[in-house]
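Contents: one structure, followed by commentary.
This chain uses plain numbering: 1 for the first residue, then up along the sequence. Fair warning: this is a prediction, and the values are worked out from it, not measured in the lab.
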Amino acid sequence: MNKKSKIYLVVLIWAATLLQLAINNSIDREKQMVEQAMSQGVENLLEGTTKAYAYYGDQQLSEEAKEEMVKSLAKKLKVVSGYDIIHKDIKDGKTTTLSKVGKYGDTTIRVITLDVLDDYNQPAVENYIMVELKLKGTAAKTTNNYSDTLEEIYEGLGMNPTMNIYLCSQEKGQLLPSQRQQLIDEFLEKMDAKVVEQVEFDNTFLMYGYSKNIDEYVFQNEDKINVNIAFDYDETEDVTYIHMGVPFVDRSF
């Protein structure tokens with residue numbers, strides 16, 4: 001199993017996405033995505049989530065060592081109390097997860113240990129560290145600030161993190177195709193991106209795009225994508241949810 005495939009497996013554990021991850025260095029273009037969401041009106045913003053994940057070596061780690069790692073990362077994020085730590089067996093590995101639910105946001109820090117085979121076909125392990133910061137409501141306007149913070153924390157530990165930013169806002173009622181297209185055009189302009197693929201089914205519409213100004217990307221089939229916007233209409237609530245992601249929206253529809 002090559003490194004890209006292993007990272008892909010980690011992302012599957014985290015978000016159950018069907019996209020293959022390719023790791024590159026990121027830049028600050030995601031700031032423009034935040035600005036795009038804020039232009040919709042702060043009162044419409046529901047959630048902003050920043051995720052970071054990176055390879056953490058092949059050493060055997062005890063549960064105590066993993067606990068110390070997640071606690072240390074939590075402290076760097078100023079999370080010092082009120083959290084839970086859970087050790088769990090998963091398919092092909094184990095996880096140690098620190099989680100805290102807050103009024104304005106939730107914090108999740110996870111060490112994932114995968115059981116693999118080394119170059120000599122002998123049992124070995126690979127460790128990955130993942131952090132998710134989910135901000136709620138108007139607090140989501142600071143999403144990009146936390147993206148910068150996470151990147152600094154990982155780099156301070158000698159790791160080159162892969163980042164994913166997600167924003168969700170809402171509009172009352174079902175958007176007309178012209179309204180939806182206007183939002184897509186604005187999003188593409190902000191991100192300096194071009195359409196790669198569009199998919200529509202039931203009450204959901206997804207647009208995948210690519211910007212050469214963003215180094216991170218994933219593969220959708222054989223095409224590179226790194227900007228993603230989706231519209232999901234809920235008939236019961238009569239609300240259209242607008243999802244935006246760099247490099248992709250890691251939510252199922």
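- Rounded to the nearest 0.5 Å, atoms CG (D115) and CG (D92) are 6.5 Å apart.
- Between the side chain of K100 and the backbone N or O of S81, at least one donor-acceptor pair lies under 3.5 Å.
- Aromatic rings from Y53 and Y128 are positioned such that their centres are separated by 6.0 Å or more.
- The line from CG of L176 to CZ of R180 is 9.5 Å long, rounded to the nearest 0.5 Å.
- With a 4.5 Å cut-off on side-chain heavy atoms, I86 and T96 do not count as touching.
- Just one residue in the list N228, V227, V218 forms a side chain to side chain contact (heavy atoms under 4.5 Å, CB included) with P247, and that residue is V218.
- Atom CD of residue E126 and atom CG of residue D58 lie 7.0 Å apart, to the nearest 0.5 angstrom.
- Within the model, atoms OG1 of T50 and CG of L135 stand 7.0 Å from one another, a figure rounded to the nearest 0.5 Å.
- Every residue two or more places apart in sequence or in another chain that forms a side-chain contact (heavy atoms from CB on, under 4.5 Å) with E237 is listed here: D234, V239, Y241.
- At a threshold of 4.5 Å between non-hydrogen side-chain atoms, the residues T49 and R251 count as touching.
- Between M207 and F231 there is no side-chain heavy-atom pair separated by less than 4.5 Å.
- Rounded to the nearest 0.5 angstrom, Y208 OH and N221 CG are separated by 9.5 Å.
- By the rule that hydrophobic residues join a cluster once side-chain heavy atoms approach within less than 4.5 Å of another member, V246 and V195 end up as members of one cluster.
- Side-chain atoms of Y55 and M159, non-hydrogen and from C-beta on, never get closer than 4.5 Å to each other.
- Annotation for L175 and L183: closest pair CD1-CD1, 3.8 Å, computed over non-hydrogen atoms.
- Between the N226 side chain and the I214 main chain, a donor and an acceptor come within less than 3.5 Å of each other.
- At distances below 3.5 Å, at least one donor-acceptor pair connects side-chain atoms of N164 with backbone N or O atoms of F248.
- The two residues D250 and Y166 have their closest heavy-atom pair at OD1-CB, 4.3 Å.
- The side-chain hydrogen bond (donor to acceptor under 3.5 Å, both in side chains) check on D118 picks up nothing, with sequence neighbours excluded.
- A cation-pi arrangement is present between K224 and Y217, with the terminal nitrogen or guanidinium carbon under 6.0 Å from the aromatic centre and inside a 45° cone about the axis.
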>> Test side-chain contact (heavy atoms from CB on, under 4.5 Å) on K136 and Y104; report intermediate values, then the result.
In response: CA-CA 5 Å; K136 307 170 186 177; Y104 300 107; 5.8 Å; no
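- In this structure, Q59 and N127 have side chains that are in contact, with non-hydrogen atoms separated by less than 4.5 Å.
- Side-chain atoms of E151 and T149 include no donor-acceptor pair closer than 3.5 Å.
- For F201, the side-chain contact (heavy atoms from CB on, under 4.5 Å) partners are V199, T204, L206, F253, not counting sequence neighbours.
- For the side-chain hydrogen bond (donor to acceptor under 3.5 Å, both in side chains) test, residues two or more places apart in sequence or in another chain that qualify with T97 are R110.
- Contact between Q174 and Q179 at its shortest, heavy atoms only, is O-OE1, 4.4 Å.
- In terms of the side-chain contact (heavy atoms from CB on, under 4.5 Å) criterion, residue partners of E235 (sequence neighbours excluded) are, by chain and number, N203, Y233.
- In this structure, L61 is not a member of the same hydrophobic cluster as V125, with clusters built from ILVMFWY side-chain heavy atoms closer than 4.5 Å.
- Looking at heavy atoms from C-beta onward, Q170 lies out of side-chain contact with I242 at the 4.5 angstrom threshold.
- When all heavy atoms of L45 and A140 are compared, the pair lying nearest together is CD2-CB, 3.5 Å.
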> Between D232 and H243, is a side-chain contact (heavy atoms from CB on, under 4.5 Å) present by the stated rule, with each step listed?
Replying inline: CA-CA 8 Å; D232 183 27; H243 311 268; 3.8 Å; yes
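- Atom CG of D238 and atom OG1 of T236 lie 10.0 Å apart (nearest 0.5 Å).
- Under the rule for a salt bridge (Lys or Arg N to Asp or Glu O under 4.0 Å), K194 has no partner lying at least two apart in sequence or in another chain.
- Take E155 and apply the salt bridge (Lys or Arg N to Asp or Glu O under 4.0 Å) test, not counting sequence neighbours, and it matches no residue.
- One N or O on the side chain of Y154 and one on the backbone of I129 form a donor-acceptor pair closer than 3.5 Å.
- Applying the side-chain contact (heavy atoms from CB on, under 4.5 Å) criterion to D185, with sequence neighbours excluded, gives Q181.
- Across all their heavy atoms, M244 and S169 have their closest contact at CE-OG, 4.5 Å.
- Listed by chain and residue number, nothing satisfies the side-chain hydrogen bond (donor to acceptor under 3.5 Å, both in side chains) test with E197 (two or more places apart in sequence, or in another chain).
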> Could you walk me through whether V111 and T95 pass the side-chain contact (heavy atoms from CB on, under 4.5 Å) check?
Replying inline: CA-CA 6 Å; V111 177; T95 63; over 6 Å; no
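- Panel note: side chain S211, backbone M191; a donor-acceptor pair is recorded below 3.5 Å.
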> What's the verdict on side-chain contact (heavy atoms from CB on, under 4.5 Å) for L150 and L133, showing C-alpha distance, side-chain angles and the deciding distance?
Replying inline: CA-CA 9 Å; L150 282 180; L133 302 177; 4.0 Å; yes
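- With contacts defined as side-chain heavy-atom distances shorter than 4.5 Å, the pair T108/V131 does not qualify.
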Acceptor/donor pairs from residues 65-77 side chains to any protein atom, 3.5 angstrom cut, sequence neighbours excluded:
unit_1: K66; atom_1: NZ; unit_2: T113; atom_2: OG1; d: 2.9
unit_1: E67; atom_1: OE2; unit_2: H87; atom_2: NE2; d: 2.9

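- A side chain to side chain contact (heavy atoms under 4.5 Å, CB included) with I229 holds for exactly one of I184, L167, V249; it is I184.
- For the pair E47/K134, a side-chain contact is recorded, criterion being any heavy-atom separation below 4.5 Å from C-beta on.
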